[in-house]
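Encoded as structure tokens, the structure appears first; notes follow it.
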There are 2 protein chains.
Amino acid sequence: MDLIYLRSFLEVARCQSFTKAAENLGYVQSSVTTHIQKLENEYGVVLFERFGRTMRLTSEGEQLHRYFEQIIALYDDSKHLISRQISGHLDIGTIESLVAYFLPPVFNRFRQAFPQMNLQALPLAEPHILQLIRAGELDIGIIMDRLVCDEDIETIPLRQEPLVLVAPPGHPLAGAKSVHAKDLHDLSYIATEQTCTYRAAFENLLTAQGVAYQIQHEFGSLEAIKRLVGYGLGVGLLPRIAVDRELAEGHLVALPFAHPDITFYTQIVLHRKKWKNPAIRHLIELLAEAAETDKRLAQ
Amino acid sequence: MDLIYLRSFLEVARCQSFTKAAENLGYVQSSVTTHIQKLENEYGVVLFERFGRTMRLTSEGEQLHRYFEQIIALYDDSKHLISRQISGHLDIGTIESLVAYFLPPVFNRFRQAFPQMNLQALPLAEPHILQLIRAGELDIGIIMDRLVCDEDIETIPLRQEPLVLVAPPGHPLAGAKSVHAKDLHDLSYIATEQTCTYRAAFENLLTAQGVAYQIQHEFGSLEAIKRLVGYGLGVGLLPRIAVDRELAEGHLVALPFAHPDITFYTQIVLHRKKWKNPAIRHLIELLAEAAETDKRLAQ
DNA sequence: CGTTTCCATCGAAAATATCGATAACGATCA
DNA sequence: TGATCGTTATCGATATTTTCGATGGAAACG
């Protein structure tokens, strides 16, 4: 009898729905059905009366609900109790675009569960991150790229990452319905650093379409790029999360550029052997949660 | 995280030994090792300090021990709570040799866990039992035979069943060191009913060795056979459990007969689909336990 | 009366558990 | 010190279980 069955049961009871429970728990609906059936067989009773669109706990279901709540609460408590005692440190490699906007709240929450664990976020270039992950010198990496596919590396996509082409508010293309590559002829362009993968993808697209572009500046620092774009020195291609506030406040505008046909993901990369570490698992969970929340907010 | 891991953990802590815990729980030792490792990985801490021959719970292990005890207690409580509410009835087919000696204490214990469940024990001939099991008309059968091997039937051996050749106290072979088939020439023999499998195996053995035997009487009733043997009308081949008391009290003696090379088992048979029923599972557990206890007492 | 929204069922694929054999390791004793 | 015993860990093979995705069927909705 697996504890996840109890969790599924509690979530179904809470949501009054197998489907919603499955979504919340990250399963497909049929798996939750199976979980409940496992419980029903184990106890030999029906736990939910299923009417058409509604459902209700049976009497036995209600009795068990009380027990399961306690069991899960004890289990979670035990997890927290131990987490709080675990010390050590995690080295997290991540690209600069993320380190400032995405990670801080996650780190903060992590500290609540693992107060004795030291997190070190290292802003690094993506190829370097992958190399260190493979060497086991980083515990976890968070990058933005096409999905990494590698023998030794486990990849966990967090979310598709929209890239936006930002321009200063007065830019001639600012009001256009949609901007295509050819509209960018003789583009004046403030680029991220050379190792940046989405920069490379963008430039490949321009080159493929015969569009000339001129790199005005190259910076590792997103803040610097945003400033330069804001001063009208060119456009920049940046992850939306890095420019959300400037767009909202009108300091920059997003050009409605038809994306290159490449999907970028903010993704976690880690060495296959590091899964079992509970601190890392917890960090991954928090990251996934944060990504989910962001998605919902974006909608 | 499976609840059986917690159980393994508690048992290891109690026994101070992986090996003993495994025996008690019905696993092999390596499985228990795996269970503990699963827990250790899940929590990210070492739970037992293993010294050479001794072991000790770590501080984290002790903390978790308290939680796990509570969790398992809650789970068991929840099981009992529901068991008590389950009503229905079970039909149990069993051979006469067992119905009187083996089952009553088990039934008694069963009633404590499932007070609303009605048990009906039907003394039946073995072929009939198997037939009814296949037809789904019996919930469970308990027989004595070579291990049943059948597509639709699940077989659970309870224990090897020693057969003894019993004779009246004054029998000429009563004092012999060991009795072989050839010593039984012109044997006068009180047989169980014709459908009885161990009778068939015994007779095959005699025939194979060219030993003539004469069946004096044939009875379905063990009591009758014992009486006739006691009166000196011949010897009888019976399961030891059925004549334990008579042997102890000296009303009958066991001839030290070298067994036919066939192993008999008291075994549970049930339809493959009836596993999931918790009442049946509990009954099976009790039967297995009773068999274990008997084995230990016999030693 | 079709459409939508659920849950149950099923087969295939993936993940996991179990076993049995064996290695490794420490304790004990010669 | 070395041999042996009792114990746990590791490993590969096999069996079982879990998960998913597709599909079916039933009730509600418009």
Side-chain angles (χ1 to χ4, degrees), chain A residues 1-42 45-58 61 149 151 154-157 272-276 281 284 288, chain B residues 1-42 45-58 61 149 151 154-157 272-273 275-276 281 288:
Chain A
M1 193 52 27
D2 203 305
L3 284 168
I4 62 173
Y5 301 160
L6 310 197
R7 246 182 246 284
S8 292
F9 173 86
L10 293 177
E11 191 63 16
V12 170
R14 197 174 70 82
C15 303
Q16 297 286 305
S17 155
F18 284 54
T19 308
K20 288 211 192 72
E23 277 170 25
N24 294 345
L25 297 168
Y27 291 107
V28 298
Q29 166 264 322
S30 64
S31 295
V32 172
T33 293
T34 309
H35 293 175
I36 303 302
Q37 285 174 341
K38 277 258 144 61
L39 284 170
E40 291 187 326
N41 284 335
E42 182 73 15
V45 293
V46 175
L47 297 176
F48 291 101
E49 286 177 310
R50 287 86 151 174
F51 308 108
R53 192 152 302 190
T54 58
M55 59 175 34
R56 203 176 58 206
L57 279 174
T58 60
C149 189
E151 182 73 358
E154 185 75 37
T155 304
I156 301 156
R272 286 226 136 84
K273 302 294 152 198
K274 299 237 175 179
W275 259 113
K276 52 185 175 187
R281 278 210 316 268
I284 291 172
Chain B
M1 193 53 26
D2 204 305
L3 284 167
I4 63 174
Y5 301 161
L6 310 195
R7 249 183 243 284
S8 291
F9 173 87
L10 293 176
E11 191 64 17
V12 170
R14 197 175 69 83
C15 303
Q16 297 285 306
S17 157
F18 285 52
T19 308
K20 289 209 190 73
E23 277 170 24
N24 295 345
L25 297 168
Y27 291 107
V28 298
Q29 166 265 322
S30 63
S31 295
V32 172
T33 294
T34 310
H35 293 176
I36 303 302
Q37 285 173 340
K38 277 260 144 58
L39 283 170
E40 292 186 325
N41 283 336
E42 182 71 17
V45 293
V46 175
L47 298 174
F48 291 102
E49 286 177 311
R50 287 87 151 172
F51 308 110
R53 192 152 308 190
T54 57
M55 59 174 38
R56 203 175 56 204
L57 278 174
T58 59
C149 191
E151 182 72 359
E154 185 74 36
T155 304
I156 302 156
R272 288 225 133 87
K273 303 292 150 199
W275 260 113
K276 52 185 175 186
R281 278 210 315 267

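FYI, side chains are in, hydrogens and waters are out, and symmetry mates aren't considered; it's all heavy atoms of this structure. All chains are named by letter (A, B, ...) in the order of the sequence lines, taking the proteins before the strands, and each is independently numbered beginning at 1.
For the helix from C/dC1-D/dG30 to C/dA30-D/dT1, the axis fitted to the five pairs at one end and the axis fitted to the five pairs at the other end meet at an angle of 30° (nearest 10 degrees).
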Distances for protein N or O near nucleotides 23-30 of chain D N or O, under 3.5 Å:
none

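Following rounding to the nearest Å, B/I4 (CD1) and C/dC19 (C1') show an atom-to-atom distance of 14 Å. The distance from atom OH of B/Y27 to atom C1' of D/dT8 is 18 Å, rounded to the nearest whole Å. Note: CG (B/L39) to P (D/dT8) measures 16 Å, nearest angstrom. In this structure, B/M55 places its CE atom 12 Å from C1' of D/dG6, rounding to the nearest Å. Nucleotide D/dT7 holds its P atom 20 Å from the CD atom of B/E49, rounded to whole Å. Rounded to whole Å, atom P of C/dA17 lies 13 Å from atom CD1 of B/I36. Atoms CG (B/D2) and P (C/dA17) sit 8 Å apart, rounded to a whole Å. Rounded to whole angstrom, the span from the CZ atom of A/R56 across to the P atom of C/dC7 amounts to 16 Å.
Ion pair B/E11/B/R14 flagged as a salt bridge, since at least one NZ, NE, NH1 or NH2 atom sits closer than 4.0 Å to an Asp/Glu carboxylate oxygen. Using a 4.0 Å cut-off between charged nitrogen and carboxylate oxygen, B/E40 and A/K276 do not count as a salt-bridge pair.
The shortest distance between the side-chain N/O atoms of A/Y5 and the OP1/OP2 oxygens of D/dT18 is below 4.0 Å. Between B/T33 and the phosphate of D/dA9, there is a side-chain N or O to OP1/OP2 separation shorter than 4.0 Å. Side-chain N/O atoms of A/R50 include none lying less than 4.0 angstrom from OP1 or OP2 on C/dC6. The side chain of A/S31 places an N or O atom within less than 4.0 Å of a non-bridging phosphate oxygen (OP1 or OP2) of D/dC20. Under 4.0 angstrom from either OP1 or OP2 of D/dT8 there lies no side-chain N or O belonging to B/Q37. Look at B/K38 and you won't find any side-chain N or O under 4.0 angstrom from OP1 or OP2 of C/dT16. Using a 4.0 Å cut-off, no side-chain N or O of A/H35 falls inside it from OP1 or OP2 of D/dT18.
Heavy-atom distances under 4.0 Å link DNA chain D to B/S17, B/F18, B/T19 of residues 9-26 of chain B, given in residue order.
Side-chain contact between A/V45 and A/T58 is absent, with no heavy-atom pair separated by less than 4.5 Å. A/M55 is listed as a side-chain neighbour of A/V12, based on a closest heavy-atom distance under 4.5 Å.
Taking CD1 of A/I4 as the reference point, atom CE of A/M1 lies at 10.0 Å (rounded to 0.5 Å). Summarising the geometry, atom CD belonging to B/Q16 is positioned 7.0 Å from atom CG belonging to B/L57; distances are rounded to the nearest 0.5 Å. Taking CD1 from A/I156 and CD1 from A/I284, the interatomic distance works out to 4.0 Å, rounded to the nearest 0.5 Å. Rounded to the nearest 0.5 angstrom, A/T34 OG1 and A/Q29 CD are separated by 8.5 Å. Of the inter-residue distances, the one linking A/S17 atom OG with A/N24 atom CG reads 8.5 Å to the nearest 0.5 angstrom.
Between B/H35 and B/Y5, the ring planes are tilted. Angles from 30° to 60° get that label. Between A/F9 and A/F48, the angle of the ring planes lies from 30° to 60°, which puts this pair in the tilted group.
Panel note: side chain B/R281, backbone A/E42; a donor-acceptor pair is recorded below 3.5 Å.
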